[in-house]
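Everything on this sheet refers to the single structure shown next.
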Amino acid sequence: DVKVTQSSRYLVKRTGEKVFLECVQDMDHENMFWYRQDPGLGLRLIYFSYDVKMKEKGDIPEGYSVSREKKERFSLILESASTNQTSMYLCASSNPRGMFFGPGTRLTVL
Amino acid sequence: QKEVEQNSGPLSVPEGAIASLNCTYSDRGSQSFFWYRQYSGKSPELIMSIYSNGDKEDGRFTAQLNKASQYVSLLIRDSQPSDSATYLCAVNPPAAGNKLTFGGGTRVLVKP
């Protein structure tokens with residue numbers, strides 16, 4: 001079974017803090033993604049990566065950056081957290097059989 | 001026009017009945033189609049994939065694909081209260097690699 005893990009299930013940070021969300025997949029997938037999900041807005045793609053050290057902007061990259069130093073790990077960075085970044089963050093990896101999500105990190109920015 | 005459209009619901013279904021969920025997509029060249037189930041507060045879980053026109057059955061789930069009509073559906077037979085969730089349709093457009101385009105989801109409520 002594909003397994004995607006995320007570093008935290010729940011996280012509380014203060015405005016202005018730098019926040020790191022870590023994601024690891026164990027199926028040797030080349031493609032990895034970061035989404036956020038908010039009520040009524042569905043899944044919104046923040047960044048994705050097709051290979052190590054490669055990254056592509058998604059639909060809402062502002063305020064975020066990513067890092068992919070190893071194939072299995074894709075990190076999302078909030079440079080200076082703001083209250084409007086309070087959300088559920090979902091990491092995923094994919095192959096032609098589908099996209100597989102981690103359990104999500106519910107981030108609250110106070 | 002949204003690329004992948006679903007009725008947001010809620011779709012209310014009596015226990016034991018068939019739940020029918022619909023999804024339309026705009027990119028005619030799409031070749032891969034997926035259904036995800038998402039319980040409240042949880043992440044989406046892949047439950048069905050379909051690549052060819054026709055029906056594909058897996059347990060109580062049947063996915064149906066009609067590429068000419070750009071339409072994909074999911075049937076849930078013998079619906080159970082545990083099927084109450086949001087169901088997301090996802091499409092893999094051509095030249096998108098394995099980056100899926102998701103619909104907004106249909107909320108299903110199965111009432112005992």
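Everything numeric here is computed off the predicted structure, so don't read it as measured data. Within every chain, numbering begins at 1; the chains are lettered A, B, ... in the order of the sequence lines, protein sequences first and strands thereafter.
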Report whether [X] and [Y] are members of the same hydrophobic cluster (ILVMFWY, side-chain heavy atoms less than 4.5 Å apart, transitive linking).
X: B:Tyr25; Y: B:Met48; value: yes
X: B:Leu88; Y: A:Phe101; value: yes
X: B:Val110; Y: B:Leu74; value: yes
X: B:Ile18; Y: B:Leu109; value: no
X: A:Met32; Y: A:Val24; value: no

Residues of residues 41-51 of chain A under 4.5 Å from chain B (heavy atom pairs)?
A:Leu43, A:Leu45, A:Phe48, A:Tyr50
Interface residues of residues 66-92 of chain A facing chain B - non-hydrogen atoms under 4.5 Å apart
A:Met88, A:Leu90
Which pair of heavy atoms, one from [X] and one from [Y], lies closest together, and at what distance?
X: A:Gly98; Y: B:Tyr36; result: C-OH, 4.0 Å
X: B:Lys99; Y: A:Met99; result: CA-CE, 4.3 Å
X: A:Phe100; Y: B:Leu46; result: CE2-CD2, 3.7 Å

Let's test your reading of the structure: which of A:Pro103, A:Pro96, A:Ser94 forms the most heavy-atom pairs below 4.5 Å with chain B?
A:Pro96
Using non-hydrogen atoms and a 4.5 Å limit, figure out which bit of A:Glu30 sits close to chain B: side chain, backbone, both or neither.
neither
At a 4.5 Å cut-off on heavy atoms, which part of B:Glu45 comes close to chain A: side chain, backbone, both, or neither?
neither
